[in-house]
Amino acid sequence: MFFSRIRLNPQRRETRKLLANPRAMHAAVEACFPPTGDSGEGARNLWRVDTDRTGSRLYLVSPAAPDMRHLVENAGWESSPAETTDYDRFLDGLMIGQEYSFRVTVNPVKRQFVPGGRGKLLPHLTEEQQLNWFAEHASGWGFEPLEFPVGQDEPEGSPEIMAMRVVQRHDRNFTKHDDAGRRTVTQRQVTISGRLRVTSTELLRAHLTGGMGRGKAYGCGLMTLARTR
């Protein structure tokens, strides 16, 4: 497995197009690889865009090393080429009990019962619902959220204690063509950060490379980890 990242240039027209349309970004990511078919059981190309005051960055986890030259030329910075590293070395070093800071963009949904049918998928709307959804899935993904102090100190000198928090929420609208024809898809994307403790290396490795939740083709499911101090 490989882990890649690239800084995106907001002044380029192609960058603005990719940031506005998850389907276009999905196509640009898939163009980094030759059309070789199935990439292996459980493994797939995962991507996520993080945007803050310092700019936008595209992260990519993939079974094969990507060729990101077209992204650099059309949406990146010539002075800041894409970076790709061997991800297996990090994955092989995961151990039960290790603690990490994490960041992930997910698509929290629930299935509403419909008589005689499979049910209808609906997004969780509130931050509380979204965090509860994430916490309920954590054990199945191989970790447990940890509490940590955040924010400014209260007058009494005690900071707020949280296990995780929503740092960004937005809806993505794009057109999709399938067997049902052309339709507009609205995907609620929620970016969550926090701290975790590894409880199952097998499960965590599987979901770091296979993704978490739905919407993985359109920028959801990729979790990044950093060791806590």
Side-chain angles (χ1 to χ4, degrees), residues 3 5 8 10 15-16 18-26 28-29 44-61 99-112 119-151 160-176 183-199 203-204 206-226 228:
F3 181 88
R5 62 184 177 185
L8 301 176
T15 302
R16 295 192 291 270
L18 295 177
L19 293 178
N21 189 334
R23 186 172 174 83
M25 182 67 83
H26 170 71
V29 166
R44 60 176 300 153
N45 299 326
L46 298 172
W47 61 271
R48 187 184 84 222
V49 173
D50 286 355
T51 300
D52 54 29
R53 58 183 180 82
T54 65
S56 296
R57 295 163 299 282
L58 170 66
Y59 296 95
L60 173 62
V61 168
E99 297 181 5
Y100 292 90
S101 297
F102 73 85
R103 186 181 181 99
V104 62
T105 296
V106 289
N107 174 222
V109 295
K110 58 184 176 181
R111 190 173 293 277
Q112 184 182 64
K120 182 179 181 181
L121 287 176
L122 299 174
H124 286 292
L125 301 178
T126 69
E127 181 173 333
E128 180 181 8
Q129 291 172 342
Q130 293 158 356
L131 291 177
N132 286 339
W133 173 89
F134 186 79
E136 289 170 0
H137 285 78
S139 62
W141 291 334
F143 62 87
E144 61 178 350
L146 297 177
E147 292 186 342
F148 62 101
V150 297
E160 183 181 8
I161 302 297
M162 301 183 68
M164 52 195 171
R165 55 180 171 169
V166 171
V167 295
Q168 194 173 45
R169 294 190 295 177
H170 46 251
D171 289 343
R172 296 295 193 190
N173 300 307
F174 55 96
T175 301
K176 184 176 182 179
R183 57 192 177 95
T184 299
V185 176
T186 299
Q187 182 190 71
R188 176 150 298 171
Q189 296 189 353
V190 179
T191 301
I192 299 173
S193 69
R195 294 183 185 175
L196 61 80
R197 178 182 294 120
V198 180
T199 56
L203 286 174
L204 185 55
H207 288 92
L208 288 175
T209 57
M212 300 176 179
R214 301 178 64 88
K216 291 184 280 287
Y218 302 111
C220 293
L222 170 57
M223 174 181 278
T224 48
L225 302 177
T228 58

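Predicted model only: the values in this text are computed from it and were never measured.
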- Val61 and Phe3, any side-chain heavy atoms less than 4.5 Å apart: yes
- Message: Taking Gly142's backbone N and O only, do any of them form a donor-acceptor pair with Thr199's side chain (distance below 3.5 Å, no angle check)?
- Response: yes
- Item | Flag, side chain of Arg169 to backbone of Arg188, donor-acceptor distance under 3.5 Å | no
- Message: Any heavy-atom pair between the side chains of Leu19 and Ser56 that's under 4.5 Å?
- Response: yes
- Query: Could you give the distance from CD (Gln168) to CG (Asp50), rounded to the nearest 0.5 Å?
  - Reply: 8.0 Å
- The reported gap from CZ in Phe143 to CE in Met212 (rounded to nearest 0.5 angstrom) is 5.0 Å
- Would you name the heavy atoms of Leu208 and Leu46 that are closest together and state the gap between them? O-CD1, 3.7 Å
- Message: Could you tell me if the side chain of Arg44 sits less than 4.5 Å from the side chain of Lys216, heavy atoms only?
- Response: yes
- Query: Which atom pair, heavy atoms only, marks the closest approach of Asn21 to Arg23?
  - Reply: OD1-N, 2.9 Å
- At what distance, to the nearest 0.5 angstrom, does CZ of Arg197 lie from CD of Glu144? 5.0 Å
- Task: Answer yes or no: is there a side-chain heavy-atom contact under 4.5 Å between Leu8 and Met25?
- Result: yes
- Item | Derivation and outcome, side chain to side chain donor-acceptor pair (under 3.5 Å), residues Thr105 and Thr191 | CA-CA 4 Å; Thr105 296; Thr191 301; 2.8 Å; yes
- Task: Identify the two heavy atoms, one from Val167 and one from Ser193, that lie closest to each other, and give their separation to 0.1 Å.
- Result: CG1-OG, 3.4 Å
- Task: Could you tell me which non-hydrogen atom of Leu225 sits nearest to which non-hydrogen atom of Tyr100, and how far apart they are?
- Result: CB-CD2, 3.8 Å
- How are the rings of Trp133 and Trp141 set to each other: parallel, tilted or perpendicular (split at 30° and 60°)? perpendicular
- Message: I'd like to know if the side chain of Asn107 reaches the main chain of Gln189, judged simply by a donor and an acceptor atom lying under 3.5 Å from each other, with no hydrogens or angles considered.
- Response: no
- Please test Phe134 against Val104 for side-chain contact (heavy atoms from CB on, under 4.5 Å), starting from the C-alpha separation and ending with a verdict. CA-CA 10 Å; Phe134 186 79; Val104 62; 3.7 Å; yes
- Which atoms form the tightest heavy-atom contact between Val190 and Pro108, and what is the distance? CG2-CD, 3.8 Å
- Query: Backbone N or O of Arg103 within a donor-acceptor pair of the Arg48 side chain at under 3.5 Å?
  - Reply: yes
- Rounded distance (nearest 0.5 Å) linking atom CG of Leu222 with atom OH of Tyr59: 9.5 Å
- Item | Test side chain to side chain contact (heavy atoms under 4.5 Å, CB included) applied to Met164 and Leu146, Leu196, Leu131, the passing residue | Leu131
